[in-house]
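The structure appears right after this line, and notes come after that.
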Amino acid sequence: MELAKSFDPHAIEPRWYPFWESRGYFKAGFDPAKQSFSIQLPPPNVTGTLHMGHAYQQTLMDVLTRYHRMKGYNVLWQPGTDHAGIATQMVVERQLEAKGESRRALGREEFVKRVWAWKEESGSTITRQMRRLGSSCDWSREYFTMDEPRSRAVTEVFVRLFEAGLIYRGKRLIHWDPVLQTAVSDLEVESREENGSLWQLRYPLAEGTGHLVVATTRPETMLGDTAVAVHPEDDRYAAFVGKQVRLPLSDRLIPIVADAYVDREFGTGVVKITPGHDFNDYQVGVRHGLPMPCIFTLDAKVNENAPAKYQGLDRFAARKAVLADLEAAGLLESTKPHKLMQPRSQRSDAVVEPMLSDQWFVCMVGMAKAGLDVVAKGGTQFVPEEWTKVYNQWLANIQDWCISRQLWWGHQIPAWYADDGTPFVGRDFEEARRHATAAGKAIRDERRDPDVLDTWFSSAFVPFSTLGWPDEAQFERERRFYLPSTVMITGFDIIFFWVARMIMTTLQFAGETAFRDVYINAIVRDAEGNKMSKSKGNTIDPLDVIDGIGFEALLDKSTQGLMLASHKETAAKRIKREFPAGIEAYGADALRFTFASLSTLGRTLNFDLKRCEGYRSFCNKLWNATRFVLMNCEGKDVGLEAGANATMSVADRWIVSRLQRAETAVIGALAEYRFDVAARAVYEFVWDEYCDWYLELAKSQLAAGDEASQRATRRTLIRVLEATLRLAHPIIPFITEELWQKVAPLAGKSGDSIMVAPYPQPEEAKVDVAAEAEIAGVKEIVNAARNLRSTMGVAPAARVPMYLADCPGYMAAHAEAIKAIARISELHVAEELPARDAPVTVTPAGRVMLHVEIDRAAEKARLEKLAARLEAEIANAKGKLSNPTFVDKAPAAVVEQEKKRLADKESELAQIRAQIAKLG
RNA sequence: GGGUGCUUAGCUCAGCUGGUAGAGCAUCGCCUUUACACGGCGAAUGUCGUGGGUUCGAGCCCCUCAGCACCCACCA
């Protein structure tokens with residue numbers, strides 16, 4: 001079947017993914033004779049959809065995966081999805097609310113059923129989208145963090161850590177989200193600078209008259225104050241230490257303590273201490289043995305530990321009431337505006353309340369040390385390197401990890417409580433009961449801890465839980481191939497949440513690092529470098545880039561789901577401005593090429609549809625080059641059989657040589673994760689060398705060459721193209737497969753698919769420096785001629801005579817090619833240029849004269865300008881060379897280079913001067 | 001408060017261990033030349049953020065300042 005006249009991604013993409021997948025090409029290999037390559041997909045939220053960040057990461061992962069597969073490695077790209085505890089539970093709760101139902105009314109069992117139903121319904125969306133992008137994961141091994149094997153691993157890890165004393169239950173001050181009503185880890189708290197107030201309150205002294213003034217941003221917490229503190233060396237307050245103040249409103253006596261935590265410079269130097277609701281105060285409370293009352297309910301209303309008057313009030317209402325009462329009592333000294341870092345829960349945006357609460361924790365210090373060591377010793381390397389510091393800094397200051405969540409969606413904690421409240425942990429109830437019995441305690445099945453584990457707890461084990469662990473036999477079999485993973489590709493935002501924890505747990509349970517390399521990819525921004533966000537309306541859906549989308553549909557989907565009218569308006573405006581005609585269909589290959597090209601080792605990647613358009617053009621270029629080659633090779637003798645009479649021309653040897661260099665460049669770039677360099681090498685080889693020059697050179701060889709050289713040219717055309725397709729396949733899999741299916745047979749290559757064909761390997765012997773120099777010379781002459789034509793205003797189609805002098809002997813052999821490419825009617829090669837009024841260009845490869853009408857004065861002026869520039873360059877070079885320190889100290893090669901430059905320029909100038917003289 | 005990164009052509013970015021600045025897009029000419037107008041050919045464009053230092057030589061190394069972005073942190 002003929003190739004269509006131009007590249008249309010839609011016509012080809014849908015056919016190849018099912019072809020690859022159905023033939024099992026994505027399946028992990030287990031051949032002991034081969035090297036292995038493996039990569040873990042950061043598991044996306046199971047009910048989520050593919051966004052630009054995913055598409056970008058996966059492009060990089062797929063490039064590496066396909067590349068290593070073609071190189072013959074055992075390859076495992078391990079996919080999976082995450083149950084995303086809080087996020088998914090929230091989505092389903094919202095759905096229930098919309099239907100007038102509620103989680104609590106349904107009850108735990110029924111609610112969890114509904115979440116599973118939602119997971120089943122939407123769970124394959126993102127994996128379907130991944131297939132559209134071309135991601136070649138081994139779907140036969142796809143996991144879900146709550147599937148049976150992963151759940152077993154979670155229980156096993158929990159039990160073992162508990163038995164090792166690394167998981168414990170304790171009453172600690174934790175971050176409480178009063179909206180979601182669960183504990184969250186410190187990583188799930190985000191602090192933002194917000195405008196608040198700083199209030200100064202008077203606390204009357206218990207004895208005598210007078211008061212101390214304390215400053216606070218949260219006056220309502222005074223209901224839980226159990227002390228005030230001053231700095232031990234603060235002379236102003238030394239006399240008060242050990243005495244008491246009368247806590248207003250509550251009318252309790254609380255001590256004045258001395259603690260070095262107090263900053264004498266801030267406020268009055270006196271701090272109110274609320275150990276139950278502040279992390280600093282908690283420490284002070286511990287040091288001074290203070291009571292630590294909790295004054296809030298789980299939904300952050302004032303509880304029974306505060307005076308009756310405030311009970312039942314929300315935190316913020318209580319603040320108002322407290323302030324009003326203090327003011328009435330004359331105890332409010334001042335109110336000032338104050339900027340503070342407000343800690344908010346990442347998921348609900350609620351102001352987090354520190355609460356003293358019973359939770360499960362993982363003791364991190366030891367594991368963190370191991371995690372630091374393995375990176376320090378180079379067992380795991382970050383790319384770019386600078387992220388090592390970020391990793392180190394976090395691990396060095398790590399806190400114990402609060403892993404219990406008061407949610408229903410997730411892995412329920414495998415702990416049961418004895419009647420006296422002692423927790424017993426086991427792989428199942430029976431095991432827990434045995435422990436309890438041994439300890440002489442009675443427990444019941446229904447007294448299982450209701451909490452679930454942090455989502456990140458389960459995803460922290462995927463490096464080994466996806467290789468069969470805790471099944472020893474399977475794990476031993478598979479880890480030899482795929483642990484550690486070769487590389488982890490992910491965003492910096494989850495270095496702490498995920499990467500560090502995987503490294504730590506894998507060290508703990510497999511005794512080995514999880515990854516050889518950790519590649520931290522850039523964050524995808526819009527073309528102007530702004531963060532992509534729904535409310536700004538500057539998000540782009542990767543599927544829309546692949547498939548295209550009309551303006552109306554784009555407007556619709558960009559504004560739906562936005563709650564605020566102002567956001568809707570901003571988004572709509574932006575869509576109208578940026579995408580007045582919607583988004584064209586660029587296809588997965590162009591999208592992937594764009595990602596690869598923009599993938600420098602920076603922190604951000606500004607996604608520009610214009611770039612994408614350029615790379616779709618590239619695909620079209622490749623497509624049409626293939627059409628040309630097929631047109632010339634189909635049904636013709638391409639000289640494949642041994643002993644075929646085929647004479648390789650210099651141009652043929654040149655393009656083969658350039659191909660070796662392109663292959664070397666791509667392979668080297670991929671080894672260093674320089675996807676941009678790899679993409680550029682492919683782009684430049686295909687466009688600038690193969691299409692712009694070789695196809696043109698080939699045309700004249702096919703038109704004028706003898707039988708044997710035509711045969712060699714056809715063979716070179718088809719073989720270089722075939723190798724180029726393989727070279728490019730990891731980046732642009734669809735179009736290369738489509739074209740390869742047609743090209744490969746003609747190139748004498750068999751095989752069912754390009755994705756299982758071998759990756760091109762450069763051969764040193766095929767690098768031909770002489771041919772490269774020769775073609776470089778030809779290009780120089782052609783360029784000079786083209787330049788003169790354009791400067792002289794010669795119509796592109798017009799053929800003009802050309803004279804060539806002072807050129808290497810080989811030039812005559814390229815006469816036909818030069819004539820065709822530079823559109824020359826007659827080419828005269830001679831010792832000297834004829835003396836006539838014609839434009840001349842001097843190049844190292846010869847002097848070029850076009851026989852065209854000229855304006856003598858204008859030509860003279862042009863040459864004078866050239867001469868002036870040359871003179872300046874000559875003066876510069878002479879200056880350098882006459883500087884003794886330069887000649888002395890600079891390396892000989894540099895001095896030589898400068899001398900050569902001087903000589904070249906001087907000779908060029910002489911020629912130009914001569915030509916000016918001829919013009920009279 | 002601590003830390004990191006960035007500042008190069010109108011825009012987005014490359015620039016290897018220091019040797020006289022590059023790409024894509026955009027711009028401006030001229031072209032329906034038989035693979036490709038998703039094309040061809042040509043052109044223009046930069047005191048490489050500031051000030052200093054090291055060096056024969058600095059976009060690259062060192063210091064200063066300025067601007068931008070991000071991360072971590074319990075200052076009431």
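The sequence lines fix the lettering, A, B, ..., with proteins before strands; numbering per chain opens at 1.
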Between [N] and [M], how many Å separate the two [atom1] atoms, rounded to a whole number?
N       : M       : atom1 : result
rC75(B) : rA69(B) : P     : 22 Å
rA21(B) : rC71(B) : P     : 38 Å
rA76(B) : rA14(B) : C1'   : 49 Å
rC6(B)  : rC48(B) : C1'   : 14 Å
rG2(B)  : rU17(B) : C1'   : 32 Å
rC36(B) : rC28(B) : P     : 26 Å
rU45(B) : rA9(B)  : C1'   : 5 Å
rA26(B) : rC62(B) : C1'   : 38 Å

Could you tell me whether [X] contacts a base, only the sugar-phosphate backbone, or nothing, with contacts defined as non-hydrogen atoms closer than 4.0 Å?
X         : answer
Cys691(A) : base
Val390(A) : nothing
Ser6(A)   : base
Val794(A) : nothing
Arg674(A) : sugar-phosphate
Tyr282(A) : nothing
Arg901(A) : base
Asp608(A) : nothing

Which heavy atom of [X] sits nearest a heavy atom of [Y], and at what distance?
X         : Y         : result
Ile174(A) : Cys402(A) : CG2-SG, 4.1 Å
Leu717(A) : Ala698(A) : CD2-CB, 4.0 Å
Lys621(A) : Cys691(A) : CE-CB, 3.7 Å

Which nucleotide sits closest to the side chain of [X]: [options]?
X         : options                   : value
Phe492(A) : rC70(B), rG19(B), rA76(B) : rC70(B)
Gln897(A) : rA76(B), rC71(B), rU20(B) : rU20(B)
Phe886(A) : rG19(B), rC75(B), rU12(B) : rG19(B)
Met341(A) : rC56(B), rG15(B), rA73(B) : rA73(B)
Tyr261(A) : rC36(B), rG19(B), rA76(B) : rA76(B)
Pro891(A) : rU20(B), rG24(B), rG19(B) : rG19(B)

What distance separates [X] [atom1] from [Y] [atom2], expressed to the nearest 0.5 Å?
X         : Y         : atom1 : atom2 : answer
Leu721(A) : Thr716(A) : CG    : OG1   : 12.0 Å
Leu881(A) : Glu898(A) : CG    : CD    : 5.5 Å
Phe496(A) : Arg501(A) : CZ    : CZ    : 10.5 Å
Ile781(A) : Met802(A) : CD1   : CE    : 6.0 Å

Next on the checklist: Please tell me whether Asn620(A) and Asn624(A) have a donor and an acceptor in their side chains that are separated by less than 3.5 angstrom.
Outcome noted: yes

When rounded to whole Å, the CD to P distance for the pair Glu193(A) and rC72(B) reads 15 Å

From CD1 of Ile398(A) across to C1' of rA73(B) the rounded distance in Å is 15 Å

Sort me out a list of protein N/O and nucleotides 67-69 of chain B N/O pairs below 3.5 Å, or just none if empty.
none

Discussion item. Contact between Trp623(A) and Asp8(A) at the side-chain level, heavy atoms closer than 4.5 Å - yes or no?
Written reply: no

**Asked** Within a strict 4.5 Å, meaning less than it, do heavy atoms of the Asp259(A) and Arg287(A) side chains meet?
**Response** yes

Would you indicate, yes or no, if [N] has its OP1 or OP2 atom less than 4.0 angstrom from a side-chain nitrogen or oxygen of [X]?
X         : N       : result
Lys5(A)   : rC36(B) : yes
Asn606(A) : rC13(B) : yes
Arg823(A) : rC30(B) : no
Lys889(A) : rC56(B) : yes

Inset, instruction - Please indicate whether Gln897(A) has more than 12 foreign heavy atoms, meaning atoms of other residues, nucleotides or ligands, lying under 6.0 Å from its CD. - result: yes

SB check Arg172(A) Asp400(A) (cutoff 4.0 Å): yes

Carboxylate-amine/guanidinium proximity below 4.0 Å for Asp234(A) and Arg236(A): yes

Within residues 695-704 of chain A, the residues having a heavy atom closer than 4.0 Å to RNA chain B are Leu695(A), Glu696(A), Lys699(A)

Decide whether a cation-pi geometry holds between Lys699(A) and Phe628(A); the criteria are a distance under 6.0 Å from NZ or CZ to the six-membered ring centre and an angle within 45° of the ring axis. yes

Base-paired stretches in RNA chain B with three or more consecutive Watson-Crick or G-U pairs, both distances under 3.5 Å, amount to B:1-7 with B:66-72, B:10-13 with B:22-25, B:27-31 with B:39-43, B:51-53 with B:61-63

Those residues at least two apart in sequence (or on a different chain) that pass side chain to side chain donor-acceptor pair (under 3.5 Å) with Tyr673(A) are Asp517(A)

RNA chain B nearest-nucleotide lookup for Met631(A) and Tyr615(A): closer to the 5′ end is Tyr615(A)

Atom pairs, N/O to N/O, protein against nucleotides 39-43 of chain B, distance under 3.5 Å?
unit_1	atom_1	unit_2	atom_2	d
rG39(B)	OP1	Ser617(A)	OG	3.0
rG39(B)	O3'	Lys621(A)	NZ	3.0
rG40(B)	OP1	Lys621(A)	NZ	2.9
rG40(B)	OP1	Trp687(A)	NE1	2.7
rG42(B)	O2'	Ser790(A)	OG	2.7
rA43(B)	OP1	Asn787(A)	ND2	2.9

Contacts satisfying side chain to side chain donor-acceptor pair (under 3.5 Å) that involve residues 263-273 of chain A (not counting sequence neighbours) are Thr221(A)-Lys272(A), Asp225(A)-Lys272(A), Lys272(A)-Thr274(A)

